[in-house]
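Accompanying notes for the structure given below.
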2 protein chains.
Amino acid sequence: MQSASVVRALGALAQEHRLAAFRLLVQAGPEGLAAGALAEALDIAPSSLSFHIAQLANAGLVTQRRNGRSILYAADYAAMAMVMGFLTENCCGGAACVPTIDCKPASTTERDVA
Amino acid sequence: MQSASVVRALGALAQEHRLAAFRLLVQAGPEGLAAGALAEALDIAPSSLSFHIAQLANAGLVTQRRNGRSILYAADYAAMAMVMGFLTENCCGGAACVPTIDCKPASTTERDVA
DNA sequence: CATTCAATTCAACTATTCTTGAAATATCGA
DNA sequence: TCGATATTTCAAGAATAGTTGAATTGAATG
């Protein structure tokens with residue numbers, strides 16, 4: 001019964017600012033981006049970004065770690081792949097289609113997420 | 001600026017009943033399922049299903065066609081692939097990962113959706 | 001043409017989401 | 001420790017989402 005967590009993940013992505021933030025993080029790679037950098041890139045208030053990024057984190061789509069005064073957020077590729085796999089599961093009654101997504105950027109495995 | 005349509009698609013999927021309905025349609029294949037069959041499978045009121053399936057249709061995730069008294073809904077695989085492609089675009093700053101999804105069930109191309 | 005079946009639309013209500021600014025928490029440097 | 005920076009939490013309001021049953025539209029059957 002993982003459908004509830006997929007609903008949360010999709011709901012987390014189903015908002016203009018959060019989708020944009022997630023895509024920035026996906027493109028930024030495992031290094032991630034600071035909350036402030038995201039707020040500035042998206043041109044929204046810091047408190048608004050906190051609200052949105054918390055939902056992405058709560059849905060398991062991003063991880064966070066502190067770096068000095070900043071908090072860096074990074075996309076969780078495994079979670080993203082899980083959501084996609086769930087959507088396409090048994091696609092077309094089992095006909096061969098929809099390859100499993102397997103995104104393993106170079107430094108993902110060595111990363112340690114607090 | 002396709003992000004708005006992706007937000008709508010994700011929002012359409014970010015709900016328990018709609019996610020379940022979409023998955024049933026994905027698994028049902030191009031033949032699709034009648035609105036009544038979906039309502040029964042999901043155990044929700046017909047008016048509730050109408051409300052939800054309309055959002056999936058509005059987001060472009062499902063197509064509809066009439067068959068006698070019933071209206072059959074079917075998943076739109078191209079739209080699904082588009083959403084996933086958008087999420088993973090330029091993943092990891094361009095590192096080779098995330099193969100493009102290419103779901104082409106046997107009869108999809110010959111289907112004519114009104 | 002009247003009846004029945006399938007699905008949608010409507011109105012009303014409750015619940016959740018998003019935004020904002022002010023206050024609080026945590027880290028760093030002098 | 002004090003002040004500055006980075007981020008989160010809180011409270012309150014406006015907007016949107018989800019549910020229900022009743023009324024409506026559209027297609028098939030006699």
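These figures come from a predicted structure and were not determined experimentally. Lettering follows sequence order; numbering is per chain, from 1.
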Which part of the nucleic acid, if any, lies within reach of B:Ala54 when heavy atoms closer than 4.0 Å are counted: base, sugar-phosphate only, or nothing?
nothing
To the nearest Å, how far apart are B:Glu16 CD and C:dT16 P?
14 Å
Return the 5'-most residue of the pair B:Ile71, A:Ala14 with respect to DNA chain C, ranking by each residue's nearest nucleotide.
B:Ile71
Calculate the interatomic distance between B:Gln64 atom CD and C:dT8 atom C1'; express it in whole Å.
11 Å
Nearest-Å distance, CZ (B:Arg66) to P (C:dT8)?
9 Å
Could you tell me whether the phosphate oxygens of C:dA6, OP1 or OP2, come under 4.0 Å of any side-chain nitrogen or oxygen in B:Tyr73?
no
Carefully, step by step, assess A:Leu38 and A:Leu25 under the rule side chain to side chain contact (heavy atoms under 4.5 Å, CB included).
CA-CA 9 Å; A:Leu38 281 170; A:Leu25 293 178; 4.1 Å; yes
When you match A:Asn67 and A:Gln15 each to their closest nucleotide on DNA chain C, which lands nearer the 5' end?
A:Gln15
Report which part of the nucleic acid B:Ala34 touches: base, sugar-phosphate, or nothing (heavy-atom distance under 4.0 Å, all strands).
sugar-phosphate
Which whole-number value in Å describes the distance from A:Asn58 CG to D:dT9 P?
11 Å
Verify same cluster id: B:Leu87, A:Met82 (apolar side-chain graph, 4.5 Å):
yes
Report yes if a side-chain nitrogen or oxygen of B:Arg18 is closer than 4.0 Å to either non-bridging phosphate oxygen (OP1 or OP2) of D:dG18; otherwise report no.
yes
Please report the C-alpha distance between B:Leu56 and B:Tyr73 in whole Å, then the side-chain angles of each, then the deciding distance to 0.1 Å, and finally whether the side chain to side chain contact (heavy atoms under 4.5 Å, CB included) criterion is met.
CA-CA 10 Å; B:Leu56 287 170; B:Tyr73 288 91; over 6 Å; no
For a quick test of reading the model, state the closest non-hydrogen atom pair linking A:Leu49 to A:Ala39 and the distance between them.
CD1-N, 3.8 Å
Determine the minimum heavy-atom distance between B:Ala9 and B:Ala59, stating which atoms define it.
CA-CB, 3.8 Å
Residue-phosphate contact under 4.0 Å: B:His52 side-chain N/O, D:dT19 OP1/OP2:
yes
Nearest-Å distance for atom pair CD/P, residues B:Glu40 and C:dA7
11 Å
A:Leu72 CG to D:dT7 C1', straight-line distance once rounded to whole Å
12 Å
Go through it in stages, so that I can follow the logic: the residues are B:Val83 and B:Leu10, the test is side chain to side chain contact (heavy atoms under 4.5 Å, CB included), and I'd like the CA-CA distance, side-chain angles, deciding distance and then a yes or no.
CA-CA 8 Å; B:Val83 169; B:Leu10 291 167; 3.9 Å; yes
Is A:Phe86 reachable from B:Phe86 through a run of I, L, V, M, F, W or Y residues, each pair having side-chain heavy atoms under 4.5 Å apart?
yes
Nearest-Å distance, CG (B:Leu42) to P (D:dT19)?
11 Å
Nearest listed nucleotide, side chain of A:Ile53, among C:dA6, D:dT8, C:dG29
D:dT8
Can you find a side chain N or O atom of A:Gln55 that sits less than 4.0 Å from OP1 or OP2 on C:dC18?
yes
d(CZ, A:Arg69; P, D:dT5) in whole Å
8 Å
Which residues within residues 43-51 of chain A lie with some heavy atom under 4.0 Å of an atom in DNA chain D?
A:Pro46, A:Ser47, A:Ser50
